> 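Take this structure first; my questions come after.
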Amino acid sequence: MEESGKKRIAILGSTGSIGTQALEVIGAHPDRFQVEILTAGSNAQLLMEQALKFKPNAVVIQDESKYKWLKDQLFDQGIKVFCGDQALAEIVEMDTIDLVLTALVGFSGLKPTMKAIESGKQIALANKETLVVAGELVTKAASEKGVNIYPVDSEHSAIFQCLAGEFHNPIEKIYLTASGGPFRGKTYDELHTVTRAQALKHPNWDMGAKITIDSASMMNKGLEVIEAKWLFNLRPDQIDVVVHPQSIIHSIVQFEDGSMKAQMGLPDMKLPIQYALGYPERLKSDFPRFDFMKYPSLTFEKPDFEAFKNLGLAFDAMFRGGNAPCILNAANEIAVDAFLKEKITFTGMSDMIAMCLEEIAYISKPNLADYSDTDKATREFARAISQKQGIAR
Ligand code: NDP
Ligand code: MG
């Protein structure tokens with residue numbers, strides 16, 4: 001912590017949905033937080049605007065073709081500019097950082113997150129794919145380094161909030177709530193013909209494209225089940241999913257005496273982001289407050305594993321362990337990308353993931369290099385099968 005008592009924060013992925021909301025939170029609490037590092041993939045314009053406003057020590061742009069332009073814009077501001085994957089992974093080692101918010105999307109978050117943990121930085125974790133791919137390695141490294149991982153994902157933040165003051169009481173079970181997304185109630189056959197535009201319209205949350213498709217296909221909940229296993233050190237059979245279309249109850253913990261604690265509030269990612277950044281304090285906010293009369297009933301349903309095959313695939317991968325979740329994640333990243341490019345159908349995404357899980361070699365105790373190899377092999381195989389009948393549009 002700096003002498004001023006401000007927490008110095010690095011945001012990986014500051015130009016995304018989580019990144020921009022995190023900057024809103026920080027902007028509302030200038031006495032508590034200071035932006036130390038900002039990074040983006042290719043959106044140099046927004047990164048520049050953020051840098052001018054928040055005056056970080058340094059920025060990183062992954063896309064090297066944007067480097068010169070960005071450097072020209074920021075050089076007289078005393079803000080250092082770096083580019084490329086290597087710089088992104090290494091910037092988190094700077095000793096002026098107290099906490100790293102990982103808001104990158106997909107497998108790209110793994111290396112910088114590991115580096116941040118290895119250099120002892122506290123983590124606010126939005127990038128769930130990191131824990132899905134390599135949860136065992138990541139959580140082991142964190143406990144060895146005494147690093148806390150504060151969840152940003154709303155469901156996991158809910159569980160974390162329910163566990164405050166309960167750390168010695170064993171969890172019997174957790175229930176992750178799911179909105180069900182835009183296709184709740186549709187049959188498997190109906191899902192075959194849904195379009196990209198329909199899938200991108202989430203009823204309750206406004207998020208990046210990848211997670212929005214994951215929410216429509218229920219893969220998001222599948223990834224969150226695996227994320228929860230590692231964050232809260234649970235057995236697979238202790239995790240359940242319940243569909244709750246209003247997204248007011250963000251998740252539930254059941255203890256061994258049968259008591260259940262739930263965390264609720266309007267769906268707004270700024271709340272879990274702020275909790276992760278400000279922990280253990282609850283900072284005052286002007287976020288809209290919940291009005292019971294606007295929600296006369298909160299309802300619950302069973303998830304439909306028949307229609308949403310991804311959810312079952314994710315549970316299976318979690319039970320298999322080893323590199324299976326890594327295969328699931330890589331296949332899903334390629335599938336989502338192909339669906340967004342309108343190359344494959346919505347249900348074709350699940351077919352692609354299932355084929356990858358069958359085809360790619362299983363490793364029971366993978367190391368970091370095995371995860372990279374599995375990720376690469378799965379992506380190649382998934383790209384090759386995207387032309388297959390039944391998957392292709
Ligand atoms: P976005 O797509 O909106 O943002 C992703 C960010 O990462 C952007 O800053 C983007 O830069 C950058 N980026 C993307 N690819 C790369 C790359 N290869 N190398 C370096 N930087 C890259 O995603 P979200 O904010 O929606 O999600 C971020 C993470 O948080 C995901 O893991 C998601 O699952 C999780 N999450 C998100 C929620 C939400 O409400 N959005 C809720 C819960 C979890 P650029 O803008 O330049 O492309
Ligand atoms: Mg979530």
Side-chain angles (χ1 to χ4, degrees), residues 10-24 37-50 59-67 70 82-89 91-92 101-113 123-133 150-160 176-181 200 202 204-215 217-228 231 241 244 247 249-251 263 267-273 276 329 332-333 336-337 340 375 379:
I11 305 182
L12 308 184
S14 64
T15 52
S17 159
I18 293 289
T20 50
Q21 293 180 85
L23 283 174
E24 279 182 54
I37 305 292
L38 295 174
T39 86
S42 61
N43 191 344
Q45 175 70 35
L46 182 55
L47 184 59
M48 176 201 69
E49 290 165 20
Q50 293 177 337
V59 300
V60 183
I61 182 102
Q62 194 255 347
D63 181 345
E64 302 188 6
S65 71
K66 307 278 172 68
Y67 171 69
L70 190 62
F82 302 100
C83 69
D85 286 325
Q86 190 70 13
L88 182 66
I91 198 86
V92 295
L101 169 62
T102 65
L104 295 171
V105 60
F107 185 85
S108 65
L110 177 58
K111 261 199 197 135
T113 307
I123 305 287
L125 185 126
N127 177 233
K128 64 190 85 184
E129 294 91 342
T130 286
L131 283 184
V132 171
V133 169
Y150 303 111
V152 168
D153 215 346
S154 58
E155 296 76 2
H156 306 74
S157 175
I159 304 277
F160 186 58
L176 295 180
T177 51
S179 70
L200 282 171
H202 195 277
N204 302 345
W205 301 95
D206 182 13
M207 309 175 286
K210 197 244 169 193
I211 185 176
T212 304
I213 300 301
D214 284 345
S215 300
S217 72
M218 296 287 283
M219 181 53 96
N220 183 49
K221 211 48 56 181
L223 299 178
E224 289 182 355
V225 165
I226 303 173
E227 180 187 12
L231 276 174
V241 171
H244 165 49
S247 294
I249 292 183
H250 299 306
S251 279
Q263 185 265 340
D268 180 348
M269 281 309 296
K270 287 204 285 295
L271 208 153
I273 292 170
N329 176 68
N332 182 55
E333 286 191 32
V336 170
D337 186 58
L340 283 170
D375 179 74
R379 283 167 197 268

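For ligands, and for the atoms within them, numbers begin at 1 and follow the listed sequence. Remember, it's a predicted structure, so these values are computed and weren't measured experimentally.
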> Do you see a donor-acceptor pair shorter than 3.5 Å between the side chains of S247 and N204?
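There is such a pair between these side chains.
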> Are any of the N/O atoms on S17, whether in the backbone or the side chain, positioned under 3.5 angstrom from an N/O atom of ligand 1?
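In this structure, S17 places an N or O atom under 3.5 Å from an N or O of ligand 1.
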> Heavy atoms only: give me the nearest V60-L47 pair and the separation to one decimal.
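Of all heavy-atom pairs spanning V60 and L47, the closest is O-CD2, 3.6 Å.
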> Which residue and atom name correspond to the protein heavy atom nearest atom 43 (C) of ligand 1, and how close is it?
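Protein heavy atom at minimum distance: D153 OD1, 3.1 Å.
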> Flag the pair E129 and K210 as a salt bridge only when some basic side-chain nitrogen lies within less than 4.0 angstrom of an acidic carboxylate oxygen.
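K210 and E129: salt-bridged.
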> Is K111 atom NZ crowded by more than 12 heavy atoms from other residues, nucleotides or ligands, each under 6.0 Å away?
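Counting other residues, nucleotides and ligands, NZ of K111 stays at 12 neighbours or fewer.
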> Run the numbers on H156 and S251 for side chain to side chain contact (heavy atoms under 4.5 Å, CB included), then give the verdict.
CA-CA 7 Å; H156 306 74; S251 279; over 6 Å; no
> Consider every N or O of I18 and every N or O of ligand 1, then say whether any pair is closer than 3.5 Å.
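For ligand 1, there is an N or O atom that lies under 3.5 Å from one belonging to I18.
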> Roughly how far, to the nearest 0.5 Å, is CG of L23 from CD1 of I18?
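Here the interatomic distance stands at 11.5 Å.
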> Roughly how far, to the nearest 0.5 Å, is the CD1 atom of I61 from the CE atom of M48?
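So the CE of M48 and the CD1 of I61 are separated by 11.0 Å.
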> Heavy atoms only: which of L47, T15, L223 lies closest to atom 45 (P) of ligand 1?
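Looking at heavy atoms only, the winner is T15.
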> Geometry only, no angles: is N43 polar-contacting ligand 1 at N/O separations under 3.5 Å?
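For ligand 1, there is an N or O atom that lies under 3.5 Å from one belonging to N43.
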> Take atom CG of D63 as the centre, draw a 6.0 Å sphere, and report whether it contains more than 12 heavy atoms from other residues, nucleotides or ligands.
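Above 12, so yes.
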> How does A103 reach ligand 1, if at all, at less than 4.0 Å between non-hydrogen atoms: by side chain, backbone, both, or neither?
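A103 to ligand 1: backbone contact only, side chain stays beyond 4.0 Å.
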> Check each heavy atom of L88 against ligand 1 and say whether those closer than 4.0 Å belong to the side chain, the backbone, both or neither.
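For L88, the contact with ligand 1 is made by the side chain alone.
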> Report the member of D63, L104, L46 with the shortest heavy-atom distance to atom 29 (C) of ligand 1.
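The residue whose heavy atom sits nearest atom 29 (C) of ligand 1 is L104.
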> Given that the side chain starts at C-beta and the backbone is N, CA, C, O, which of these parts of M207 lies under 4.0 Å from ligand 1, counting heavy atoms, or is it both or neither?
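The part of M207 near ligand 1 is both the backbone and the side chain.
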> So which bit of K128 gets within less than 4.0 Å of ligand 1, heavy atoms only: side chain, backbone, both or neither?
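The answer is both.
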> If you measure every N or O of S42 against every N or O of ligand 1, does any of those distances drop under 3.5 Å?
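Yes, at least one N or O pair falls under 3.5 Å.
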> For atom 36 (N) of ligand 1, what's the nearest protein heavy-atom neighbour? Residue, atom name and distance, please.
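Heavy-atom neighbour on the protein nearest atom 36 (N) of ligand 1: I211 CD1, 3.6 Å.
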> Closest to the Mg ion (ligand 2), which N/O/S atom of E155 is it?
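Considering only N, O and S atoms, E155 comes nearest to the Mg ion (ligand 2) through OE1.
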> Mind checking whether Q21 has an N or O less than 3.5 Å away from an N or O of ligand 1?
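Min N/O separation from ligand 1 is not below 3.5 Å for Q21.
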> Any heavy atom of K210 sitting closer than 4.0 Å to ligand 1?
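No, K210 has no heavy atom closer than 4.0 Å to ligand 1.
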> State whether the side chain of T39 and the backbone N or O of G13 hold a donor-acceptor pair below 3.5 Å, judged by distance alone.
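Yes; judged by distance alone, with no hydrogens or angles, the pair exists.
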> Using only N, O or S atoms, tell me which atom of E224 is closest to the Mg ion (ligand 2).
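When I compare the N, O and S atoms of E224, OE2 is nearest to the Mg ion (ligand 2).
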> Provide the atom name of the closest N, O or S atom of D153 relative to the Mg ion (ligand 2).
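So the atom name we want here is OD1.
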> Would you check whether G16 has a nitrogen or oxygen atom less than 3.5 angstrom from a nitrogen or oxygen atom of ligand 1?
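Min N/O separation from ligand 1 is below 3.5 Å for G16.
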